[in-house]
2 protein chains.
Amino acid sequence: MTAPRPVTINDVAARAGVAPSTVSRALSEPGRGNPATRERIRAIARELNYVPNSQAQALSSGRTGTIALLVSDVTNPFYFGIIRGTQQMSKAAGLAEVLIDTEDSPDLEGDMLRKMRRSLDGAILASSRLSERALIRLAGEIPLVTINRNVRGLPSVVIDSPDGIAQAVEHLVSLGHRDIVYVSGPETSWSNQARWHAMRKAAAKHGLEFRRVGPFARGRSSGTAAADAVLNSGATACVVFNDLLAIGLLTRLAERGVAVPGRLSVVGCDDIFGADFCHPPLTTLSGPAEQAGRAAVSLLLGRLGDPRAPAARRAVLLPTHLTVRESTGPA
Amino acid sequence: MTAPRPVTINDVAARAGVAPSTVSRALSEPGRGNPATRERIRAIARELNYVPNSQAQALSSGRTGTIALLVSDVTNPFYFGIIRGTQQMSKAAGLAEVLIDTEDSPDLEGDMLRKMRRSLDGAILASSRLSERALIRLAGEIPLVTINRNVRGLPSVVIDSPDGIAQAVEHLVSLGHRDIVYVSGPETSWSNQARWHAMRKAAAKHGLEFRRVGPFARGRSSGTAAADAVLNSGATACVVFNDLLAIGLLTRLAERGVAVPGRLSVVGCDDIFGADFCHPPLTTLSGPAEQAGRAAVSLLLGRLGDPRAPAARRAVLLPTHLTVRESTGPA
DNA sequence: CTGAAAGCGCTAACAA
DNA sequence: TTGTTAGCGCTTTCAG
């Protein structure tokens with residue numbers, strides 16, 4: 001029952017009658033070395049069930065083969081698609097991926113990043129809460145890519161909700177709504193800013209007054225206050241910062257016996273898990289989250305000088321579209 | 001703009017005028033060494049912003065400081081609580097945690113585990129799809145803890161749904177239901193087996209006939225077939241393998257214009273995100289998922305011989321309870 | 001193309 | 001208690 005010593009590169013080398021360095025090359029330098037010996041070595045490695053020790057590889061090569069994905073809250077379904085996408089892509093690139101929950105705290109986010117920078121080749125920040133300053137400084141220590149956050153000089157992927165917001169306003173206007181209010185998320189949220197700007201622009205285009213209520217916290221529980229505020233505003237329709245908040249709002253509306261969409265139309269953002277089966281099913285902005293995840297890893301690979309990466313674009317903008325369900329109707 | 005060489009243990013040692021090994025001890029062996037020098041060294045390390053290179057630590061100590069959590073599908077909200085719990089606990093224990101998606105494939109699960117075993121101190125398998133044989137063999141190569149899966153000899157945490165199932169049946173019986181059907185998940189699922197057994201037992205206790213329909217796949221999309229099968233069975237109530245399936249079923253029922261709970265009462269399992277805001281809100285079995293995650297890490301720490309771990313229990317059984325919402329009513 | 005040798009940063013015997 | 005000395009398993013010069 002003694003654990004047998006794991007097989008090392010030396011075992012393979014001995015068995016093949018070559019030097020360890022030759023094995024190293026045969027295994028991890030595609031084009032080089034004699035093809036015949038390389039195949040022989042690979043066969044032996046497979047036969048011996050050799051698995052390279054990644055710590056040792058990292059220590060001597062400087063590349064850890066690991067990236068991190070930082071999210072503000074693992075249990076926020078908004079990240080589902082992004083997580084999927086990054087995992088797909090990093091698996092395809094042979095990278096390990098660590099998922100880190102920053103608990104919505106910029107301090108924790110920074111600490112984690114600093115503490116782990118030595119064991120990571122790079123990191124993807126999905127909805128970073130860090131200040132622009134902090135981000136730029138950290139980017140000097142470890143390759144960074146952001147998602148839904150645009151910082152000068154940092155490669156980023158943004159799901160372009162402004163585009164979708166315009167569609168949403170169009171949709172509401174065509175249903176006869178003239179009084180549309182934006183339900184704001186946290187002031188510090190980059191996405192919230194972007195969405196509010198888009199809202200204003202779209203409203204102006206249609207000659208509507210632009211108003212907002214809030215700011216409200218991201219969570220479902222803020223929906224209560226949000227619903228009351230919207231009702232109070234007298235608007236006939238609202239566009240909500242995100243689906244979590246929108247679903248909370250719907251719940252409160254049901255409690256108060258307010259008909260949706262009869263008395264109030266509601267549009268969410270993100271099309272998260274649940275948006276299609278809440279009551280009523282939510283009209284919302286859908287975006288290619290998985291694709292965003294994949295794109296982020298691609299950009300990171302680019303930053304790492306990986307040849308497998310596509311041409312390094314600095315910023316990727318992904319389109320959103322409106323998914324109409326049952327929470328919107330005639331004014 | 002050249003990256004400054006990261007500070008190593010030698011830099012700290014030089015600055016403190018001691019040997020590297022002394023620094024190593026001062027930093028990672030709590031009780032030993034002269035407290036005065038230890039504090040001095042720690043101060044210098046902090047001042048120099050020294051971060052130990054975990055690869056090097058791993059290489060020379062054999063401990064990687066990393067564990068993995070394997071789930072069949074990251075985007076299944078059932079894992080929310082578990083992920084939270086394990087992350088909390090591993091962070092508290094100073095361990096890094098990798099989240100791995102096995103895509104519901106036993107082969108992939110095994111491969112990942114084998115491939116990563118050298119870079120992990122241990123792994124937690126949430127709903128493993130591996131055979132008992134495979135699990136036992138793998139456990140010989142890397143410390144393993146299972147969640148919701150009981151395998152002889154492996155430490156495990158199980159959320160005891162049988163207990164909750166009994167409550168559910170009790171609830172339905174007291175509402176006057178005499179014809180209750182179990183909507184089965186995949187035959188190979190350990191939880192499904194456990195729930196079906198519990199169902200039979202509870203039904204027998206009340207002198208009811210026990211029937212089931214299915215098996216159905218885990219996903220929401222299987223809800224359509226499941227709903228039709230339940231309706232066909234003529235039962236007035238059903239207990240569904242999991243909430244995902246139950247929500248799918250609810251959707252189909254609404255499509256077919258079947259009143260819930262008027263014509264059919266529905267009970268789910270797991271109380272996932274969404275169970276409270278679907279339509280109608282789902283009566284379901286709630287369990288302490290976060291606690292399960294924490295317990296799993298504790299057990300693993302025990303297996304690793306970590307002194308911080310509580311007394312090593314081999315199996316942890318966590319209770320569930322019925323959360324009554326609006327999908328159940330009088331027969 | 002391949003081998004020899006040095007060393008990545010750290011920990012763990014062993015000596016002092 | 002502290003310093004000295006070997007490696008951990010791999011990659012990477014540099015020779016051959």
Side-chain angles (χ1 to χ4, degrees), chain A residues 3-42 44-45 48-66 94 96 115-121, chain B residues 3-42 44-45 48-66 94 115-121 305:
Chain A
R5 195 178 53 66
V7 12
T8 75
I9 203 171
N10 298 297
D11 301 327
V12 179
R15 189 83 133 75
V18 298
S21 51
T22 307
V23 176
S24 173
R25 280 179 218 118
L27 262 27
S28 49
E29 291 184 44
R32 293 179 47 190
N34 183 324
T37 55
R38 180 175 57 221
E39 278 322 310
R40 198 164 54 81
I41 291 174
R42 294 201 161 172
I44 292 177
L48 258 40
N49 192 20
Y50 166 70
V51 181
N53 179 323
S54 53
Q55 335 287 139
Q57 283 182 315
L59 188 55
S60 85
S61 72
R63 280 168 271 111
T64 64
T66 303
K115 208 176 310 169
M116 303 200 61
R117 67 171 189 273
R118 306 277 296 270
S119 25
L120 295 175
D121 285 348
Chain B
R5 195 177 53 67
V7 12
T8 75
I9 202 172
N10 298 296
D11 301 327
V12 179
R15 189 84 133 73
V18 297
S21 53
T22 307
V23 176
S24 173
R25 280 180 219 118
L27 261 27
S28 48
E29 289 183 49
R32 293 179 46 189
N34 184 323
T37 54
R38 180 175 58 220
E39 279 322 309
R40 197 165 55 80
I41 290 173
R42 293 201 162 172
I44 292 177
L48 258 41
N49 191 21
Y50 167 69
V51 180
N53 179 325
S54 53
Q55 335 288 139
Q57 284 182 313
L59 190 54
S60 88
S61 71
R63 281 167 271 110
T64 64
T66 303
K115 210 177 308 173
M116 302 199 63
R117 68 172 189 273
R118 305 277 296 271
S119 24
L120 296 175
D121 285 347

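Order of the sequence lines fixes the chain letters, A, B, ..., with proteins taken first and strands second; residue numbering starts at 1 for each chain.
Residue B/Arg63 has a polar side-chain atom (N or O) positioned under 4.0 Å from OP1 or OP2 of C/dA12. At the phosphate of D/dT2, OP1 or OP2 sits under 4.0 Å from a side-chain N or O atom of B/Thr37. Look at A/Arg25 and you won't find any side-chain N or O under 4.0 angstrom from OP1 or OP2 of D/dT13. Considering only side-chain N and O atoms, A/Thr22 lies under 4.0 angstrom from the phosphate OP1 or OP2 of C/dG3. Side-chain N/O atoms of B/Ser24 include one lying less than 4.0 angstrom from OP1 or OP2 on C/dT11. The phosphate of C/dT11 (OP1 or OP2) has a side-chain N or O of B/Gln57 nearer than 4.0 angstrom.
Side-chain contact between A/Arg15 and A/Val12 is absent, with no heavy atoms from C-beta onward closer than 4.5 Å.
Nucleotide C/dT2 holds its C1' atom 10 Å from the CD1 atom of A/Ile41, rounded to whole Å. The distance from atom CG of A/Asn53 to atom C1' of D/dG9 is 6 Å, rounded to the nearest whole Å. Distance CG (A/Leu27) to C1' (D/dC10): 11 Å, rounded to an integer number of Å. Following rounding to the nearest Å, A/Leu59 (CG) and C/dA6 (P) show an atom-to-atom distance of 18 Å. Atom CD in A/Glu29 sits roughly 15 Å away from atom P in D/dC10 (whole-Å rounding). Here C/dG7 presents its P atom at 21 Å from CD of B/Gln55, a figure rounded to the nearest Å. Protein atom CD1 of B/Ile9 is 19 Å distant from nucleotide atom P of D/dG7, rounded to whole Å.
Between A/Ile41 atom CD1 and A/Asn34 atom CG the span is 9.0 Å, to the nearest 0.5 Å. Separation of atoms CG (A/Asp121) and OG1 (A/Thr64) is listed at 3.5 Å; rounding is to 0.5 Å. Rounded to the nearest 0.5 angstrom, B/Ile44 CD1 and B/Thr37 OG1 are separated by 10.5 Å. Rounding to the nearest 0.5 Å places CD of A/Gln55 at 5.5 Å from OG of B/Ser119.
When distances run from any side-chain atom of A/Ser61 to the nucleotides D/dC10, C/dT11, D/dT12, the shortest one goes to D/dT12. Comparing atom distances between the B/Ser60 side chain and each of D/dG9, C/dC10, D/dT11 picks out C/dC10 as nearest. Among C/dC10, C/dT11, C/dC8, the nucleotide with an atom closest to any side-chain atom of B/Pro52 is C/dC10. For B/Asn34, whose side chain is taken as the heavy atoms from C-beta onward, the closest listed nucleotide among D/dT4, D/dT1, D/dG7 is D/dT1.
A donor-acceptor contact under 3.5 Å links the side chain of A/Ser21 to the base of C/dA4.
Among the protein residues, B/Arg38 comes within range of no part of the nucleic acid, since none of its heavy atoms lies under 4.0 Å from any strand.
The residue among B/Arg118 and B/Pro20 whose nearest nucleotide of DNA chain D is located toward the 5' end is B/Pro20.
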